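A short write-up of the structure that comes next.
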There are 4 protein chains.
Amino acid sequence: MPRLQEKRAEETKAAIVAAAKQLFGEKGYEAVTMREIAKEAGCSHTTIYIYFKDKETLLHHLSVPPLEELRGRMETAASEPGASAVERMQKLSRVFIEFCLGNRGLYGIFFGVNSERVDTASPSSEINRLRLGLFNLLRRTLGEALGLPDGERLLACSRIYFYQIHGIAATYSHSKESADALMERLTPTFDEAVAVLMLGFNALQSNKEVGKQ
Amino acid sequence: MPRLQEKRAEETKAAIVAAAKQLFGEKGYEAVTMREIAKEAGCSHTTIYIYFKDKETLLHHLSVPPLEELRGRMETAASEPGASAVERMQKLSRVFIEFCLGNRGLYGIFFGVNSERVDTASPSSEINRLRLGLFNLLRRTLGEALGLPDGERLLACSRIYFYQIHGIAATYSHSKESADALMERLTPTFDEAVAVLMLGFNALQSNKEVGKQ
Amino acid sequence: MPRLQEKRAEETKAAIVAAAKQLFGEKGYEAVTMREIAKEAGCSHTTIYIYFKDKETLLHHLSVPPLEELRGRMETAASEPGASAVERMQKLSRVFIEFCLGNRGLYGIFFGVNSERVDTASPSSEINRLRLGLFNLLRRTLGEALGLPDGERLLACSRIYFYQIHGIAATYSHSKESADALMERLTPTFDEAVAVLMLGFNALQSNKEVGKQ
Amino acid sequence: MPRLQEKRAEETKAAIVAAAKQLFGEKGYEAVTMREIAKEAGCSHTTIYIYFKDKETLLHHLSVPPLEELRGRMETAASEPGASAVERMQKLSRVFIEFCLGNRGLYGIFFGVNSERVDTASPSSEINRLRLGLFNLLRRTLGEALGLPDGERLLACSRIYFYQIHGIAATYSHSKESADALMERLTPTFDEAVAVLMLGFNALQSNKEVGKQ
DNA sequence: GATGAATGAGATTTCATTCAT
DNA sequence: CATGAATGAAATCTCATTCAT
């Protein structure tokens, strides 16, 4: 019955991942040492190397599941039935923001705000693939919401939209308030931000069409 | 003649600050070593400790002048005569963004995107005062541009506006492209972002007024 | 049926020895890890410790059979019928050199070129006995070839002869070329080296005899 | 007066080099740690990194002066006036052997008996240049001694000659006896080895010439 | 005022080896 | 018999910082 050992191993690995996630999130990738992670995970620092080739690999293994979960939740939000375009975008944004605030420091790593070393070492790894996937989902959804076809126009709008939610996340990513507290306090503002953008996009559209005539 | 020495000292200090500013900006706070700064400044690394207690203190002394310069430039942009509301906001934003992209690594430190260590050490120091000043300037200018009085309404709009420009800065703050290249390539998008927001703010306003009637 | 287990055990042990031999030979003692050996042997690294107290013990158990095989081959070469004295010595040398080049890293260990740690641990163990045996075989053969009785004279000649072949082995023991390639390329030189020595020994002999007269 | 500091620095550097030379010689490159060297040199291990980029650089800086000294001594021996060909070669060999025995472990590193890592990392560094220079000196001297022109013939003889002295060095390179003791005890044998080779080379030459006729 | 010398603390990573199953 | 899990010791190297001049 090797099951018992297997279970122990998975527990240890999970403990390491959990510890690393928490610490990276709290203090940032570079500021956390392998020994700290090990102590938090309740094992020797060498044990980490059984499960992860090195610190960076640990970070990557750590990043993928949350990002995939985020994508799942964003897809759900994007395809919510019986919701207006604005509502869908608001839901999508809330999901994204909540995720970022719930993962704080990690967020900075995921979205390249931090740590050039990480980006340098894995220019086109799975994380980048996931990032791109999120952006595309966002663009697609926005295109539907605005009735815009793929193209430069939509790309520009998507960027602007992304700046907005990225800015929100960045703004609070180092706040001491909990994700929940922040969401409770600021969700109206976030929703309004989305509403403003959508109104602005539409208005711009109308202006241009008027200009054409 | 202590004047001569004083002058030399002042020069050395300035050289250190300049070197540190450049290097922190280029590579980020953690990635720069005291020896690098000293080499760039043309002095011994021990000399730095004559003027600054430690690396962190150096960083803080370093942050204030650029932020004050930024405020100056933003004030100029905000009070540009013969410019429409949107144009003024666009100019303001360009100034802010260009500053952030021109100072990269530093930007992250100024605006708390990075390195909680720094924040921890100076919870509400002069930097925070400056940050707040910038935000107020922005709010005032936006209030004038939108014809809105101080209050919750304007605060919310200001936040949304800040998210946007902060998001822009954050998005490109780790790009390999130079500030100039980025500005050249993306200024239209940035301007459009501002335009969209202004249109959105106004549209929202109209909606609400309509609702009131 | 403990036989079956015994056999399996024997096989595992043999696999370990074979793997260690190959890897030590290829990369040198220090550069090989227990895990590498285990992987090559197709077992867990802990299994090695069932059969061998530690890495060093493994090395020692490993050294004996090849050395005995070498002695066998050298004895065969030494007693080859219908060969001239020089030819016998050349064959003997080729056998020795080929063995050394075919075992590279191991050779250094066998003949104390490397790693005093090993020597320290077993100052006059079985390996030394074997080494001495080889040298005696060599001396005996050389004595016959030169028509010299045991004694200082023969001892000196044997040493000189040993230096030569040891020098050959040492020279190429870290070359990147394969044993086969080296043998093919350099056998003429090696043979000539032996021929030169034999000529020299004989000439020296003649000189001395002339001197005596 | 920075002279005092400068002197201290050179003393420290010299102490490091001396300690490293001794320890590398005694235990081999890989087996010696930077901390050991530092302790022996009477400084902190970080101090070493002030003077040498890394362990390998330390080794190289360490290797060059002895090798150059060796070349000098060999050149002197090679051009000794009023000495027969054999005597010159014997002197040359004694110089080489004495150097090797006096530098033991280091010898293995210089002549590639040890540590593939070292060779790999600096395939054509200054050390290799020096090695080649020694071999050429040896070949030239041997050519003069044998009256042989440059060419395959001389190259083969040089190789054989090199094997011999390399073999001598290798044989005793891990002996516990001091260089002096070994030289005293074995110089006659070493000289005889050279004499035998020279006799052999000449005899071979005669044989071939006879064969040609 | 300024500097070169020197250091201690600490980071990542590797490896031989033991323990529980 | 055999193994996966886990560890302690140790190695190289970096860096901010202090001390003596």
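Each chain gets a letter, A, B and so on, in the order its sequence line appears, and its residues count up from 1. Quick caveat: nothing in here was measured; it's all calculated off a predicted structure.
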Whole angstrom value for the distance that separates C1' of E:dT13 from CG of A:L58:
14 Å
Here's a test of your reading of the structure: between C:G42 and A:K13, which maps to the more 5' nucleotide of DNA chain F?
C:G42
Side chain of A:M34 (C-beta onward), nearest among E:dT17, E:dT13, E:dA6:
E:dT13
Distance below 4.0 Å between A:T33 side-chain N/O and E:dG10 OP1 or OP2:
no
For atom CZ of D:R35 and atom P of E:dA9, their distance in whole Å
11 Å
Hey, does A:I37 have a side-chain heavy atom less than 4.5 Å from the side chain of A:F24?
yes
Calculate the interatomic distance between B:I16 atom CD1 and F:dT17 atom P; express it in whole Å.
14 Å
E:dC15 P sits how many Å from C:E36 CD, rounded?
8 Å
Among residues 44-51 of chain C, which residues get a heavy atom nearer than 4.0 Å to DNA chain E?
C:H45, C:T46, C:Y49
Going by the angle between their ring planes, with limits at 30° and 60°, are A:H61 and A:F52 parallel, tilted or perpendicular?
perpendicular
Atom-to-atom span, NZ of B:K53 to P of F:dT18 - whole angstrom:
9 Å
In whole Å, what is the span from the NZ atom of C:K55 to the C1' atom of E:dA16?
8 Å
D:N103 and D:K21, any side-chain heavy atoms less than 4.5 Å apart
yes
Listed nucleotide nearest any side-chain atom of D:R8, set F:dC13, E:dT13, E:dA5:
E:dA5
If you look at every heavy atom in D:T57 and D:K53, which pair is closest and at what distance?
OG1-CB, 3.8 Å
Are D:L23 and D:E40 packed together at the side-chain level, in the sense that at least one heavy-atom pair is separated by less than 4.5 angstrom?
yes
When the distance from CD of A:E56 to C1' of E:dA11 is rounded to whole Å, what number comes out?
15 Å
Is the NZ or CZ atom of C:K55 positioned over C:Y29's six-membered ring, under 6.0 angstrom from the centre and within 45° of the axis?
yes
Quick check: closest heavy atoms across B:S63 and B:P66, and the distance to 0.1 Å?
O-CD, 3.3 Å
Side-chain heavy atoms of B:H45 within contact of B:K39, under 4.5 Å:
no
Earlier contact from the 5' end, DNA chain E, for C:D54 and A:D54
A:D54
Using five base pairs at each end, measure the axis-to-axis angle across the helix from E:dA2-F:dT21 to E:dT21-F:dA2 and round it to 10 degrees.
30°
Find the distance B:E30:CD to F:dA16:C1' and express it as a whole number of Å.
12 Å
Hey, are the side chains of B:I16 and B:T12 touching, using non-hydrogen atoms and a 4.5 Å cut-off?
yes
